[in-house]
Amino acid sequence: MPTLFISDLHLAPERPQTTGQFLRFIRSTAAGADALYILGDLFEYWVGDDDLEDPLNGTVSGALSALADSGTKVFLMRGNRDVLLGSDFAARCHGTLLEDPVLINLYGTPTLLSHGDALCTDDVDYQRFRLYPRDPGNQQKFLAQSLEARREQMRGMRAQSEASKQQKTEAIMDVAPAAVEALLRQHGYPRLIHGHTHRPAQHLHQVDGQACERWVLNDWYDSGGYLRCDAAGCTAVLA
Ligand code: MN
C-alpha cells in the first residue's frame with residue numbers, strides 16, 4: 001500500500017466544495033494507503049486548538065480520526081497558515097504532529113518533509129514576518145484573547161498578507177535554490193517533499209555531486225491532488 005502526501009488545502013467555511021473534495025479523498029483514496037502525510041496549510045487559518053467545536057474543524061478531525069482508526073496512519077505538519085495547530089488537534093485526529101522539517105525512511109529512501117515556507121529566503125520581508133507567530137510570547141498573547149477576537153485578527157493578517165503578495169514578483173515567492181541545497185546537504189542528500197509555493201513539480205538538484213529529487217505538492221484551490229509514493233518511487237496524481 002502506498003503513502004500519500006498532501007498540503008495547502010486551505011480549508012475554510014467559504015470553500016465548501018474543497019472540503020467536500022477533501023472528505024471524498026479521505027474516504028476513498030486515503031483509506032487505501034499505509035499513511036497520509038499532511039504537510040501544512042490544511043486550514044486557511046487556525047486560531048488555536050481550543051476551536052475544536054467549530055463545525056469545519058470538527059468535520060475534518062472526525063474524518064481524519066475515522067481514517068486513522070481504519071488503519072491509515074495520519075501525520076500532520078503545521079504550515080504558515082495554521083502555525084498554531086497543536087497536539088490537541090493531532091490527538092483529536094488520532095494522528096501524530098510532526099516537526100518541520102522531519103526526515104523519514106520512505107520504503108528505504110531517506111525523505112525529508114517540510115512545509116516549504118522556510119525555503120523562500122529571497123523573500124526577506126516574509127522571513128522577518130515568519131518569526132512573529134512562532135514566538136512563544138506572541139503565541140501566548142494571541143491565545144489569551146477570545147476566539148472571536150482571534151478570528152478577527154487573523155482575517156486582518158490574511159488581508160495584509162494578500163496585499164503585500166501583490167507587490168512581490170513570482171521569483172521572490174518561490175523557494176531559493178541555495179536554501180534548498182543547504183537543507184539537502186545538512187540532511188545527507190535525501191529526497192525532499194514540500195508544499196507552500198503552489199507550484200507542483202518534480203525537480204532534480206545536483207548537490208555536491210549527489211542527485212536529489214524534490215517534489216512540490218499542489219494546492220487545492222481549484223482542484224485536489226496528492227503525491228503517491230511506494231517502493232518504486234513517487235507519482236503526482238491530480239484530481
Ligand atoms: Mn503555506
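Numbers here simply count residues along the sequence, with the first being 1. Keep in mind that this is a model prediction, so the values were computed, not measured. Because only heavy atoms are used, hydrogens play no part in the values below, and waters and symmetry mates are left out as well, while side chains stay in. Each ligand, and each atom within it, is numbered from 1 in the order the structure gives.
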Legend entry - Salt-bridge contact K73-D34 (side-chain N to carboxylate O under 4.0 Å): no
Legend entry - Near the Mn ion (ligand 1) (cut-off under 2.8 Å), count of protein N, O or S atoms: 4
Output side-chain donor-acceptor pairs under 3.5 Å for residues 91-98, partner residues at least two apart or in another chain, one line each.
unit_1	atom_1	unit_2	atom_2	d
H94	ND1	D69	OD1	2.7
H94	ND1	D69	OD2	3.4

Legend entry - Whether over 12 other heavy atoms sit under 6.0 Å from Q210 CD: yes
Inset, instruction - State whether the number of non-hydrogen atoms from other residues, nucleotides or ligands found under 6.0 Å of Q140 atom CD is greater than 12. - result: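 Counting other residues, nucleotides and ligands, CD of Q140 stays at 12 neighbours or fewer.
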Legend entry - Partners passing side chain to side chain donor-acceptor pair (under 3.5 Å) against T72 (at least two apart in sequence or in another chain): none
Legend entry - Set of disulfide bond (SG atoms under 2.5 Å apart) partners for C234, sequence neighbours left out: C229
